[in-house]
Participant: 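Below you'll find the structure I mean.
Order of the sequence lines sets the chain letters (A, B, ...), proteins ahead of strands, with each chain counted from 1.
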There are 2 protein chains.
Amino acid sequence: MHFSDEQNENFMQMALDQAKIAQSYGEVPIGCTIIDNRTSEIISVGYNEREETQNAIKHAEIIAIENACAKIGSWRLEHMSLYVTLEPCPMCAGAIINSRVEEVIFGAYDPKAGSVGSINNLFEETKYNHQPDFVGGILADDSASLLQNFFREIRRKK
Amino acid sequence: MHFSDEQNENFMQMALDQAKIAQSYGEVPIGCTIIDNRTSEIISVGYNEREETQNAIKHAEIIAIENACAKIGSWRLEHMSLYVTLEPCPMCAGAIINSRVEEVIFGAYDPKAGSVGSINNLFEETKYNHQPDFVGGILADDSASLLQNFFREIRRKK
């Protein structure tokens with residue numbers, strides 16, 4: 001890991017702020033931030049836009065990865081640390097592998113789709129051509145609370 | 001499977017035609033077609049655009065899925081059959097799961113990243129909320145020849 005615990009929490013807080021933007025649009029609150037771990041520069045952010053766009057691909061990580069590729073002009077996100085409030089699903093874990101993101105810091109674990117420890121761990125599959133470093137559980141309670149409140153509110157409205 | 005062997009080969013030929021477009025732009029030749037299996041309508045196509053866009057997400061399947069979501073106005077691609085010339089990588093297998101594509105027909109197996117039988121099989125993971133039907137090896141020789149010629153040409157130029 002490139003950053004201290006305190007720095008990891010600061011960058012995760014930015015990802016949580018993105019999750020709150022998603023929530024304000026009625027989206028499942030998940031957010032992401034990508035940081036250049038050589039300079040600490042914020043390269044990109046993203047939040048879940050699946051419902052707004054009606055596009056199955058538009059998870060927070062995918063949007064942040066696409067924005068990062070656009071910003072640096074390359075599909076190779078080496079030297080990047082990706083912060084996301086929820087354990088990546090297989091699509092996002094695969095996108096992280098494909099884009100060569102160096103390390104992933106995630107918040108809450110996701111027993112329903114999490115593919116970095118919960119259901120399986122795609123980052124430990126040595127047959128893929130890249131294995132990102134990873135750590136989970138950073139500000140996990142804040143992320144889980146956001147999600148629980150969101151789904152509670154949806155059930156209440158129904 | 002919804003279609004006959006002959007229909008599967010016809011739709012795979014369309015995906016191969018997309019792969020050839022990719023090749024004409026200097027991209028690794030991989031193509032995809034999505035068909036509504038209730039009507040046989042061609043919903044969308046896509047080809048690998050990773051180098052042109054310098055965007056790690058822009059695999060053939062992702063582009064076809066995004067185009068299909070845009071066309072039908074929904075992130076749920078139920079009743080859709082996806083044809084792709086190469087076994088999906090984990091990102092694309094995950095995108096197919098997330099978008100609820102009903103069945104996947106692929107061409108050549110991919111020992112380096114294939115996640116529908118080669119390295120693992122994400123479509124058989126019952127903990128994910130959707131398990132697409134799948135079959136591999138359709139017009140596999142045509143797909144493999146395209147890829148082999150492409151990489152041979154790249155090595156020759158180097």
Participant: What part of B:Lys127 is in contact with chain A, defined as an atom under 4.5 angstrom from a non-hydrogen atom: side chain, backbone, both or neither?
Facilitator: both
Participant: Select one option (side chain, backbone, both, neither) describing which atoms of B:Glu125 are under 4.5 Å from chain A's heavy atoms.
Facilitator: side chain
Participant: Taking side chain as C-beta onward, heavy atoms only, is B:Asn120 less than 4.5 Å from A:Leu122?
Facilitator: yes
Participant: Using the rule that Ile, Leu, Val, Met, Phe, Trp and Tyr join whenever any side-chain heavy atoms are under 4.5 Å apart, tell me whether A:Ile63 and A:Phe11 fall into a single cluster.
Facilitator: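 Different clusters: A:Ile63 never reaches A:Phe11 through Ile, Leu, Val, Met, Phe, Trp or Tyr contacts under 4.5 Å.
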Participant: Atom CE in A:Met91, atom CD in B:Glu61: separation rounded to 0.5 Å?
Facilitator: 13.0 Å
Participant: Verify the cluster assignment for B:Phe106 and A:Tyr128: are they in a single hydrophobic cluster under the rule of side-chain heavy atoms below 4.5 Å apart?
Facilitator: yes
Participant: Quick check: do A:Lys58 and B:Trp75 have side-chain heavy atoms less than 4.5 Å from each other?
Facilitator: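 Result no, sub-4.5 Å side-chain heavy-atom pair not found.
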Participant: Could you check which of B:Gly94, B:Ala93, B:Cys89, B:Gly114 has the highest count of heavy-atom pairs closer than 4.5 Å to chain A?
Facilitator: B:Gly94
Participant: What's the spacing between B:Ile62 CD1 and A:Ile62 CD1 if we round to 0.5 Å?
Facilitator: 6.0 Å
Participant: Using the rule that Ile, Leu, Val, Met, Phe, Trp and Tyr join whenever any side-chain heavy atoms are under 4.5 Å apart, tell me whether A:Leu82 and A:Val116 fall into a single cluster.
Facilitator: yes
Participant: Cluster question for you: counting only ILVMFWY and a side-chain heavy-atom cut-off of under 4.5 Å, with indirect links fine, are A:Leu146 and A:Phe151 together?
Facilitator: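 A:Leu146 does not cluster with A:Phe151.
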Participant: Please classify the contact of B:Ala95 with chain A as side chain, backbone, both or neither, using a heavy-atom distance under 4.5 Å.
Facilitator: both
Participant: Chain B: which of A:Gly73, A:Ser118, A:Ser115, A:Pro90 shares the most heavy-atom pairs with it under 4.5 Å?
Facilitator: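 Most pairs with chain B among the choices: A:Pro90.
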Participant: Which value, rounded to the nearest 0.5 Å, describes the distance between B:Cys92 atom SG and A:Ile57 atom CD1?
Facilitator: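 It is 8.0 Å, given to the nearest 0.5 Å.
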Participant: Is it true that atom NZ of A:Lys112 has more than 12 heavy atoms of other residues, nucleotides or ligands lying nearer than 6.0 Å?
Facilitator: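 Counting other residues, nucleotides and ligands, NZ of A:Lys112 stays at 12 neighbours or fewer.
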Participant: Is it true that B:Ile105 and B:Met80 fall in one hydrophobic cluster, defined by side-chain heavy atoms closer than 4.5 Å?
Facilitator: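 Not linked; separate clusters.
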Participant: Can you give me the closest heavy-atom contact between B:Ala56 and A:Ser99, atom names plus distance?
Facilitator: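 Smallest heavy-atom distance, with atoms named: CB-CB, 3.4 Å.
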Participant: Please tell me if the side chains of A:Gln54 and B:Ser74 come closer than 4.5 Å, counting only heavy atoms from C-beta onward.
Facilitator: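 The answer is yes; the side chains approach within 4.5 Å.
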Participant: Heavy-atom distance under 4.5 Å between the side chains of B:His59 and A:Asn98, does that happen here?
Facilitator: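 Yes, their side chains come closer than 4.5 Å.
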